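Fair warning: this is a prediction, and the values are worked out from it, not measured in the lab. Chain letters run A, B, ... following the sequence lines, proteins first and then strands; every chain starts at 1.
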Protein chains: 2
Amino acid sequence: MAKCRDANKTKETITYSAMELFAKDGYEGVSVESIAKKADINKAMIYYYFKNKAVLYEAVVRNLLDDIYYEILKESKKCKKPIDEMKSFIFTYAKFADENPYLPSLMLSELSVGGRNLPDDMFVGLKRIFSLLRSILKRGEEKGCFEKSLPIMVHFMIVGSINLFITTRQLRLKVENEFGKDICNDCKIEEISEHLFYSIKKMLKGEDT
Amino acid sequence: MAKCRDANKTKETITYSAMELFAKDGYEGVSVESIAKKADINKAMIYYYFKNKAVLYEAVVRNLLDDIYYEILKESKKCKKPIDEMKSFIFTYAKFADENPYLPSLMLSELSVGGRNLPDDMFVGLKRIFSLLRSILKRGEEKGCFEKSLPIMVHFMIVGSINLFITTRQLRLKVENEFGKDICNDCKIEEISEHLFYSIKKMLKGEDT
DNA sequence: CTCCTAACTAACCGTTTAGTTAATTATAAT
DNA sequence: ATTATAATTAACTAAACGGTTAGTTAGGAG
């Protein structure tokens, strides 16, 4: 890559390499030098485009959270009924996480240290994803198609299970012969989404509706 | 603490201090020196009792996983029906995670990097917790009280949501005025367990049972 | 062609890191 | 009291770290 003399391209190369490494090894587990090597550029270039390591990390996380948020929002607008929005939320999040496994890794590693590596204003990214689900639940309750629930727990059940499903992919391969199909190693992400949606739907359905 | 000349006590002090720090900042985010300072001992003592940083980390994680496993197992034996075992699994795991918030943090941070900091044989700890839930589900299916499900996803929904609920405690405080009771900042862990159990129960209940 | 500037580089700096070593202390058994 | 040994320490090393700096290159504008 080196010496392409295209600022946008170089900056993007840095961001992408950083994303791969941060997702694999966490913020502290990655050295600026290793990002430079992966991007095949000089380390000083990273400081040319980003103030420091923390700012680069922020950019990476912000990019991913923006992307998933607008993707969910876009798909959500195609729906009419709350139940369809819920399905859309689950399928879109799962598909995105499957195609961008960096997101689940980064999200879990960041939440596991209580957002220590991110400035406060970065949580708008996480917050507005929750806000989306919360409004779906609220609308469903008002229309009488969802039972009352604890929004934050429903949210954690959905994103928690999808995130863990994605991040444990490699790990689960090692225990395939022990657990067989119970750990869904051969499942496509759509099957997972379908099962999850089916479960959440039953969960939210009133006792006698 | 220093100079107590009690090997067991010193070793335990090291392990506990290490657990607190690893849970807060992750494996790479913690220096051996900082553990020594927290434990109020000389850094060399850590290398006297543990071969290196990685071995200390393993000991910390192994301790926690052993404790939670045997706790769940103990409570599980008091139950007769699969549905009671399920309730016991959820309540016991949640209570333990609430009292030992180091477990959720460590589990998430380790899973987010695909177990990079742990040797393969450490996953017996994670595996056998899943095995417990899996056997509960299987028994329930055989007795006809649970619908067929994807065990790994049920597992991830339970431990994923509980882990996230615990690790995001501090974070959620910052957005209390924005989301109010929707994020359950005042909820006791028993209320969370109750809601989770209620949800999972509905989820697993056959269409017309 | 020349000059300016954005893009880029190699070498370096001070600090922190994981881990070692040789020497010292305290205790319990002989 | 002597001795053996387990527990503890300060001082150290070599490597890796995040970040800086002074200087070089290349390409487009005039």
Side-chain angles (χ1 to χ4, degrees), chain A residues 1-61 106 109-110 113 116-119 122, chain B residues 1-61 106 109-110 113 116-119 122:
Chain A
M1 187 56 55
K3 287 190 194 181
C4 73
R5 293 215 158 242
D6 179 335
N8 287 338
K9 203 166 188 171
T10 304
K11 197 170 177 181
E12 218 170 90
T13 307
I14 293 172
T15 312
Y16 193 83
S17 304
M19 179 178 69
E20 291 185 286
L21 290 174
F22 282 139
K24 186 159 66 74
D25 296 332
Y27 179 72
E28 315 270 5
V30 173
S31 70
V32 177
E33 181 63 45
S34 71
I35 297 172
K37 272 205 182 111
K38 177 141 212 161
D40 193 21
I41 51 141
N42 190 285
K43 185 176 70 161
M45 287 311 292
I46 292 176
Y47 292 92
Y48 183 70
Y49 289 108
F50 300 90
K51 194 191 164 212
N52 55 35
K53 187 184 175 184
V55 168
L56 170 57
Y57 183 73
E58 278 170 50
V60 166
V61 176
L106 285 167
S109 88
E110 202 49 45
V113 295
R116 199 172 57 93
N117 304 311
L118 294 172
M122 272 297 313
Chain B
M1 186 56 54
K3 286 191 194 182
C4 73
R5 292 215 158 242
D6 179 334
N8 287 338
K9 204 166 188 172
T10 304
K11 197 170 176 180
E12 220 170 88
T13 308
I14 293 171
T15 312
Y16 193 82
S17 303
M19 179 178 70
E20 290 185 286
L21 290 173
F22 282 139
K24 186 159 67 75
D25 297 331
Y27 179 72
E28 316 269 3
V30 172
S31 70
V32 177
E33 181 63 44
S34 71
I35 298 171
K37 271 205 182 110
K38 178 142 212 160
D40 193 22
I41 50 140
N42 191 285
K43 185 177 69 159
M45 288 310 293
I46 292 175
Y47 290 93
Y48 182 71
Y49 289 109
F50 299 92
K51 195 191 162 211
N52 55 36
K53 187 184 175 184
V55 167
L56 170 58
Y57 183 74
E58 277 171 52
V60 166
V61 176
L106 285 168
S109 90
E110 202 48 46
V113 295
R116 196 173 59 94
N117 303 312
L118 293 172
M122 274 294 314

Do [X] and [N] have a side chain to base donor-acceptor pair shorter than 3.5 Å?
| X | N | answer |
| --- | --- | --- |
| B/Arg5 | C/dT25 | yes |
| B/Asp6 | D/dA7 | no |
| B/Lys43 | C/dG19 | yes |

Report yes if a side-chain nitrogen or oxygen of [X] is closer than 4.0 Å to either non-bridging phosphate oxygen (OP1 or OP2) of [N]; otherwise report no.
| X | N | result |
| --- | --- | --- |
| B/Tyr49 | D/dT8 | yes |
| B/Thr10 | D/dA7 | no |
| A/Ser31 | D/dA16 | no |

Would you kindly give the [atom1]-to-[atom2] distance between [X] and [N], to the nearest whole Å?
| X | N | atom1 | atom2 | answer |
| --- | --- | --- | --- | --- |
| B/Asp40 | D/dT8 | CG | P | 12 Å |
| B/Leu21 | C/dA18 | CG | P | 12 Å |
| B/Glu33 | C/dT15 | CD | P | 16 Å |
| A/Tyr27 | D/dC17 | OH | P | 13 Å |
| A/Glu28 | D/dG18 | CD | C1' | 12 Å |
| B/Tyr47 | D/dT13 | OH | C1' | 13 Å |
| B/Ile46 | D/dA10 | CD1 | P | 14 Å |
| B/Tyr57 | C/dA18 | OH | P | 14 Å |

Could you state the interatomic distance from CG (A/Asp40) to OG (A/Ser17), rounded to the nearest 0.5 Å?
9.0 Å
Testing the basics here: between B/Thr15 and B/Leu56, what is the closest heavy-atom pair and its distance to 0.1 Å?
CA-CD1, 4.4 Å
Heavy-atom closest pair, residues B/Thr10 and B/Cys4:
OG1-SG, 3.4 Å
Identify whether any heavy atom of B/Ala7 sits under 4.0 Å from a base atom; if not, whether one sits that close to sugar-phosphate; answer base, sugar-phosphate or nothing.
sugar-phosphate
Using a 4.0 Å heavy-atom cut-off, does B/Phe50 contact any base of the nucleic acid, only the sugar-phosphate backbone, or nothing at all?
nothing
Quick check for you: among C/dA10, D/dA10, C/dG19, whose closest atom lies nearest to any side-chain atom of A/Asn42?
C/dA10
Taking for each residue the nucleotide of DNA chain D with the nearest heavy atom, is it A/Val30 or B/Met45 whose nucleotide lies nearer the 5' end?
B/Met45
Map A/Ala44 and A/Tyr48 onto DNA chain C by nearest heavy atom, then report which one ends up closer to the 5' terminus.
A/Tyr48
Mind telling me whether A/Phe22 and A/Tyr57 have parallel, tilted or perpendicular rings, with 30° and 60° as the class edges?
perpendicular
Measure the shortest side-chain to side-chain distance between A/Ile41 and A/Ile46 over non-hydrogen atoms and say whether it is less than 4.5 angstrom.
yes
